[in-house]
Participant: 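So that we are looking at the same thing, I have put the structure below in structure tokens.
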Amino acid sequence: MTDQTVNYLIIVGPQGAGKGTQAAAVAPELSLEHVATGDLFRTILKSESELGDEVRKYYDQGALVPDELTIRVLFAHIERLQEEKPSLSGVLLDGFPRNAAQAASLDEALAERGESISAVVLIDVPRDELMKRLTGRLVCSSCGATFHREFNAPSKEGICDKCGGELFQRSDDTPEAVEKRLGIYYEQTEPILDHYREQGVLVTIDGNREIDTVAQDILLSLKERVSN
Ligand code: AP5
Ligand code: MG
């Protein structure tokens, strides 16, 4: 651990709102590391380990991985990042926290470090848009870049524009798992936003527009909140 001040930001919104898409676009512009718990779990799933078998029990069905395991995986990753990059200036959390217990763990961990959350960006998209976005999503098996069959199609079918990797459909993008994930969002994740609203750090962005327009809007809102 170093004494460097790290900016902690959160990108939140329902499944399919565009958290991963937008975080990938804005994090480099703001010198932030994009840290997505879903990506950490997808890497673990690929490892074919006991931990992978444990995560799969929840992931494929669209259920939350238990809090204790999620928190352990996330903080181990952040500590590794801080060791590898002592000049790390900030982290953009995507997919965490997702419930009151995770929000409390994050507050506690940041308080121990003398840090706080600089901003929470809520990407707001109406529920009826989300199923179309998720069932048409394609993800690169090599670099993790996200595309959509219709709304953000790769130039060559099945091939990633960024690295040439093969595109696949996520195992939790079935209509059944999507319904379950959305249910969890509205029941457990949306209510924690009040906590950030009260702290005056919540910024709401209309996510029901073109990808680039949404990204510009997020950048404008965050630039003044990130100290470099
Ligand atoms: P995770 O990977 O975090 O998935 P998620 O929360 O379900 O969110 P998504 O990744 O589905 O949505 P997104 O907002 O990132 O959308 P995207 O940018 O891809 O989590 C997966 C699983 O891991 C969980 O279900 C759970 O099991 C486990 N997990 C993760 N975190 C956990 C935690 N904290 N605790 C416990 N368990 C945890 O965009 C979607 C699609 O829309 C793409 O195709 C994209 O091209 C398209 N699109 C994006 N923006 C636009 C736009 N403006 N217009 C049109 N199309 C768009
Ligand atoms: Mg995502």
Side-chain angles (χ1 to χ4, degrees), residues 10-27 34-45 52 54-75 77 92-106 121-127 129-140 144-154 160-162 167-186 188-190 192 205-218:
I10 298 171
I11 191 158
V12 67
Q15 286 67 18
K19 301 180 294 293
T21 302
Q22 295 301 335
V26 306
H34 174 202
V35 174
T37 39
D39 290 345
L40 297 178
F41 288 136
R42 281 183 283 282
T43 303
I44 290 172
L45 288 174
E54 176 67 12
V55 168
R56 194 178 307 282
K57 283 196 240 162
Y58 306 96
Y59 183 98
D60 282 357
Q61 278 152 46
L64 289 188
V65 175
D67 290 340
E68 185 276 323
L69 176 54
T70 302
I71 289 161
R72 186 152 42 90
V73 165
L74 173 67
F75 289 117
H77 180 77
L92 181 55
L93 293 172
D94 161 5
F96 187 94
R98 276 190 209 239
N99 58 29
Q102 294 184 6
S105 301
L106 181 60
V121 182
L122 166 64
I123 309 184
D124 190 26
V125 176
R127 188 168 180 158
E129 276 299 309
L130 302 168
M131 184 64 84
K132 289 186 269 187
R133 288 196 185 181
L134 291 171
T135 49
R137 169 164 57 188
L138 296 168
V139 181
C140 175
T146 302
F147 299 87
H148 190 280
R149 287 198 173 88
E150 195 184 332
F151 309 139
N152 185 17
C160 175
D161 283 353
K162 303 215 161 100
L167 300 180
F168 74 102
Q169 184 165 26
R170 269 172 50 172
S171 54
D172 60 341
D173 277 347
T174 59
E176 301 74 30
V178 169
E179 274 304 325
K180 176 153 187 173
R181 286 156 55 204
L182 286 171
I184 293 173
Y185 175 81
Y186 292 109
Q188 297 186 34
T189 310
E190 200 180 45
I192 66 173
I205 302 284
D206 175 5
N208 200 15
R209 297 172 294 164
E210 291 291 320
I211 291 173
D212 289 350
T213 312
V214 178
Q216 286 314 316
D217 212 359
I218 295 176

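Just so it is clear, the structure is predicted and the values come from calculations on it, not from any experiment. Every number for a ligand or one of its atoms is a count from 1 in the order of the listing. All heavy atoms count here, side chains included; hydrogens, waters and symmetry mates do not.
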Participant: For Gly136, state whether at least one heavy atom is located under 4.0 Å from any atom of ligand 1.
Facilitator: no
Participant: List every atom of ligand 1 that sits less than 4.0 Å from any heavy atom of Gly95, numbering the atoms from 1 in the order shown and giving each element.
Facilitator: 31 (N), 32 (C), 33 (C), 34 (N)
Participant: Report the C-alpha separation of Asp173 and Arg137 in whole Å, then their side-chain angles, then the decisive distance to 0.1 Å, and conclude whether the salt bridge (charged side-chain N to carboxylate O under 4.0 Å, His left out) test is met.
Facilitator: CA-CA 8 Å; Asp173 277 347; Arg137 169 164 57 188; 2.8 Å; yes
Participant: If you measure from CD on Glu179 to CG on Leu130, what distance do you get to the nearest 0.5 Å?
Facilitator: 10.0 Å
Participant: Can you list the ligand 1 atoms lying under 4.0 Å from a non-hydrogen atom of Thr37?
Facilitator: 30 (C), 31 (N), 32 (C), 34 (N)
Participant: Considering heavy atoms of the protein only, find what lies nearest to atom 25 (O) of ligand 1 and give residue, atom and distance to 0.1 Å.
Facilitator: Arg181 CG, 3.9 Å
Participant: Would you check if there is a donor-acceptor pair between the side chains of Tyr59 and Arg42 at a distance under 3.5 Å?
Facilitator: yes
Participant: Under the 3.5 angstrom rule, does the side chain of Gln169 hit a backbone N or O of Thr135 as a donor-acceptor pair?
Facilitator: yes
Participant: Do Asn99 and Asp67 have side-chain N/O donor and acceptor atoms under 3.5 Å apart?
Facilitator: yes
Participant: Against heavy atoms of Gly207, which atoms of ligand 1 measure under 4.0 Å?
Facilitator: 53 (N)
Participant: Look at Arg72 together with Glu68 and state whether they make a salt bridge at an N to O cut-off of under 4.0 Å.
Facilitator: yes
Participant: Drop me the distance from Asn152's CG to Asp212's CG, to the nearest 0.5 angstrom.
Facilitator: 9.0 Å
Participant: Of the protein's non-hydrogen atoms, which lies at the shortest distance from atom 15 (O) of ligand 1, and what is that distance?
Facilitator: Gly20 N, 2.9 Å
Participant: What protein heavy atom is closest to atom 35 (N) of ligand 1, reported as residue, atom name and distance in Å?
Facilitator: Gln102 NE2, 2.9 Å
Participant: How far is atom 27 (O) of ligand 1 from its nearest protein heavy atom, and which residue and atom is that?
Facilitator: Ala63 O, 2.6 Å
Participant: When you measure from atom 8 (O) of ligand 1 to every protein heavy atom, which one gives the shortest distance, and what is it?
Facilitator: Lys19 NZ, 3.2 Å
Participant: For atom 16 (O) of ligand 1, what is the closest protein heavy atom, and at what distance to 0.1 Å?
Facilitator: Gly18 N, 3.4 Å
Participant: With heavy atoms of Leu134 as the reference, note each atom of ligand 1 found under 4.0 Å away.
Facilitator: 11 (O)
Participant: Looking only at N/O atoms, are Gly16 and ligand 1 under 3.5 Å apart anywhere?
Facilitator: yes
Participant: Starting from atom 9 (P) of ligand 1, which protein heavy atom do you reach first, and at what distance in Å?
Facilitator: Arg137 NH1, 3.3 Å
Participant: For Arg127, is there an ion pair with Glu190 - N to carboxylate O distance below 4.0 angstrom?
Facilitator: no
Participant: At a 4.0 Å threshold, what atoms of ligand 1 neighbour a non-hydrogen atom of Phe96?
Facilitator: 34 (N)
Participant: With heavy atoms only and a cut-off of under 4.0 Å, state how Phe151 meets ligand 1: side chain, backbone, both or neither.
Facilitator: side chain
Participant: Out of Gln22, Glu150, Arg133, who gets a non-hydrogen atom closest to atom 54 (N) of ligand 1?
Facilitator: Arg133
Participant: Nearest 0.5 Å, what's the CZ-CG distance between Phe41 and Leu74?
Facilitator: 8.5 Å
Participant: Report the nearest protein non-hydrogen atom to atom 39 (O) of ligand 1: residue, atom name, distance rounded to 0.1 Å.
Facilitator: Thr21 OG1, 3.6 Å
Participant: Output the list of atoms in ligand 1 that are nearer than 4.0 Å to some heavy atom of Phe147, sorted by atom number.
Facilitator: 43 (C), 44 (O), 46 (O)
Participant: Is there a donor-acceptor pair closer than 3.5 Å between any side-chain N or O of Glu54 and the backbone N or O of Leu69?
Facilitator: no
Participant: Any non-hydrogen atom of Arg209 lying under 4.0 Å from ligand 1?
Facilitator: yes
Participant: Under 3.5 Å, is there a donor-acceptor pair between the side chain of Gln102 and the main chain of Arg98?
Facilitator: yes
Participant: With a 4.0 Å heavy-atom cut-off (strictly under), which part of Leu64 contacts ligand 1: side chain, backbone, both or neither?
Facilitator: both
Participant: Run the contact test for Ala36 against ligand 1 with a 4.0 Å cut-off on heavy atoms, strictly below, and give the result.
Facilitator: no
Participant: Show me which atoms of ligand 1 lie under 4.0 Å from any heavy atom of Arg42.
Facilitator: 2 (O), 21 (C)
Participant: Is ligand 1 under 4.0 Å from a heavy atom in the side chain of Asp39, in the backbone, in both, or in neither?
Facilitator: neither
Participant: I'd like to check which ligand 1 atoms, numbered from 1 as shown, lie under 4.0 Å from a non-hydrogen atom of Tyr59.
Facilitator: 21 (C), 22 (C), 23 (O), 27 (O)
Participant: To which of Arg98, Arg149, Gln15 does the heavy atom nearest atom 20 (O) of ligand 1 belong?
Facilitator: Arg98
